[in-house]
Amino acid sequence: MFNAMIETLKANPRKIVFTEGPDARILEATDRLVKGGFLTPILVGNVEEVKAAAAAGNFNIEGVEILDPAAYDKMDEMVEKMVELRKGKMSAEDCRAALSKGNYFGTMLVKMGYADALLGGATYSTADTVRPALQLVKTKKGAHLVSSCFILVRGEEKLAMGDCAINIDYQDTVDKEGNVVVSAAQKLAEVAVETANTAKVFGIDPKVAILSFSTKGSGKGGTVQLSHDATIEAQKLAPEMAVDGELQFDAAVSPVVAATKCKGSPVAGQANTFIFPCIEAGNIGYKIAQRLGGYEAYGPILQGLNAPINDLSRGCNAEEVYKMAIITAALA
């Protein structure tokens, strides 16, 4: 999987911003990327501090561009652009203060076209990665939310799971008069389509199961109706996509169970892309697959933004940073 992505990046050069330049894990991954020569890293941080940290860890970052927000020669231009993007919600002083931080500064580098992708979060929360992305890079045309998915790999087998990291649950968006503008089902359907599109990047031919504790009306209550309605909405959004629901997990993956519970389904018994009705189910589900099923989990991969911006776990290691850098750049 990664070899294929590396070949793609060799043919399509990309720049990726690391927002936490002095971090040893970031520097170790940067060293590997420099040796590989297929992706150009940019490190955000004080130049001397970054170089000292690299020297302390014996990491080679020779020739890597290091950008310090405090000394950036185009900061005035960046501030002006951010004020415009925030549309009166932040003053020039507020924007300058925000841009002194690596997460906002790095996001603006992507927004202004200086870099193609961003990877952050080794030392700060998911919210601190997502917030600048929403404010500056913003969601794609037609997107109503940002979501995430994990790619799980075990040998030659690959699965996609979403959303396991961003959306706590799904609620209707209503206007001032109380009319539903975007339904919860439409939002979950959007997650399903975005996750299927991400799956394709990793060579998965998506067969999408929208999960529940019910299969085709066998149970009532909870999120059953949400998963049922989201299936209908996903079929409208992407009629060419193989999607079915609501399905219990066993019906989604076992041909024997599928033959009993939902015979004739284009997905049941062979699903490889799983959509969960809330973050609790999603987060628990992917971690069970990772810890008990022996899958390697890559993510969270953010979906719905105008540019590839991804979040690291604060417990990540250099290997995870390296691989997530490849994944993030390959999405550009």
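Numbers for residues simply follow the sequence, beginning at 1.
Taken from CG in Asn283 to CG in Asp163, the straight-line distance is 9.5 Å, to the nearest 0.5 Å. Here the CZ atom belonging to Arg86 is positioned 7.5 Å from the SG atom belonging to Cys95, to the nearest 0.5 angstrom. If you take CG on Asn310 and CD on Gln303, they are separated by 9.5 Å, rounding to the nearest 0.5 Å. If you take CG on Asp73 and CG on Asp68, they are separated by 11.5 Å, rounding to the nearest 0.5 Å. To the nearest 0.5 Å, atoms CD1 (Ile66) and NZ (Lys51) are separated by 5.5 Å. Taking OG1 from Thr139 and CG from Leu302, the interatomic distance works out to 13.0 Å, rounded to the nearest 0.5 Å.
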Next item on the list: Could you walk me through whether Gln135 and Arg131 pass the side-chain contact (heavy atoms from CB on, under 4.5 Å) test, one step at a time?
Entry: CA-CA 6 Å; Gln135 292 176 349; Arg131 189 182 305 108; 3.6 Å; yes
Margin query: Go through it in stages, so that I can follow the logic: the residues are Ser125 and Arg314, the test is side-chain contact (heavy atoms from CB on, under 4.5 Å), and I'd like the CA-CA distance, side-chain angles, deciding distance and then a yes or no.
Written below: CA-CA 8 Å; Ser125 69; Arg314 280 173 282 184; 4.2 Å; yes
Margin query: For Asp76 and Lys74: C-alpha separation, side-chain torsions, deciding distance, then whether salt bridge (charged side-chain N to carboxylate O under 4.0 Å, His left out) applies.
Written below: CA-CA 6 Å; Asp76 290 342; Lys74 295 182 180 176; over 6 Å; no
Next item on the list: Would you sort out whether Phe274 and Val253 count as a side-chain contact (heavy atoms from CB on, under 4.5 Å), showing the intermediate values?
Entry: CA-CA 10 Å; Phe274 304 96; Val253 299; 3.6 Å; yes
Note to self: Go through it in stages, so that I can follow the logic: the residues are Asp172 and Ser183, the test is side chain to side chain donor-acceptor pair (under 3.5 Å), and I'd like the CA-CA distance, side-chain angles, deciding distance and then a yes or no.
What the structure shows: CA-CA 4 Å; Asp172 294 343; Ser183 72; 4.9 Å; no
Item checked: Intermediate values then yes/no, side-chain contact (heavy atoms from CB on, under 4.5 Å), Cys262 and Leu247 -> CA-CA 9 Å; Cys262 41; Leu247 298 175; 3.8 Å; yes
Next item on the list: Go through the steps for Asp311 and Thr126 under the test side chain to side chain donor-acceptor pair (under 3.5 Å), then give the verdict.
Entry: CA-CA 6 Å; Asp311 179 49; Thr126 296; 2.5 Å; yes
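Taking Pro132 as the reference, Asn103, Tyr104, Thr107 meet the side chain to side chain contact (heavy atoms under 4.5 Å, CB included) condition, with sequence neighbours excluded.
Judged purely by distance below 3.5 Å, without hydrogens or angles, the side chains of Tyr72 and Glu77 never pair a donor atom with an acceptor atom.
The hydrophobic clustering, which links ILVMFWY residues whose side-chain heavy atoms are closer than 4.5 Å, places Leu43 and Val110 apart. Val153 and Phe150 fall into different hydrophobic clusters, where Ile, Leu, Val, Met, Phe, Trp and Tyr side chains are chained together by heavy-atom contacts under 4.5 Å. Follow the hydrophobic side-chain contacts under 4.5 Å out from Val224 and you never reach Phe249; the two are in separate clusters. Ile61 is not connected to Ile42 by any chain of hydrophobic side-chain contacts under 4.5 Å among Ile, Leu, Val, Met, Phe, Trp and Tyr, and they are in different clusters.
The neighbour count for Glu280 CD, taken as heavy atoms of other residues, nucleotides or ligands under 6.0 Å away, does not exceed 12. Applying the 6.0 Å contact sphere to NZ of Lys101 captures no more than 12 heavy atoms from other residues, nucleotides or ligands. Dense packing is recorded around CD of Glu240, with more than 12 heavy atoms of other residues, nucleotides or ligands lying under 6.0 Å away. Shown here is Asp175, whose CG atom has more than 12 heavy atoms of other residues, nucleotides or ligands within 6.0 Å.
Summarising the hydrophobic clusters (Ile, Leu, Val, Met, Phe, Trp, Tyr; side-chain heavy atoms under 4.5 Å, direct or chained), the residues clustered with Val243 are Leu145, Tyr170, Leu188, Val191, Val193, Val208, Ile210, Leu226, Leu237, Met241, Ile275.
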Can I get a per-line list of side-chain donor-acceptor pairs under 3.5 Å for residues 291-299, giving both atom names and the distance, sequence neighbours left out?
from	atom 1	to	atom 2	distance (Å)
Tyr295	OH	Arg154	NH2	3.1
Tyr295	OH	Glu157	OE1	3.1
Tyr295	OH	Glu157	OE2	3.0
Glu296	OE1	Tyr298	OH	2.7
Tyr298	OH	Lys323	NZ	3.3

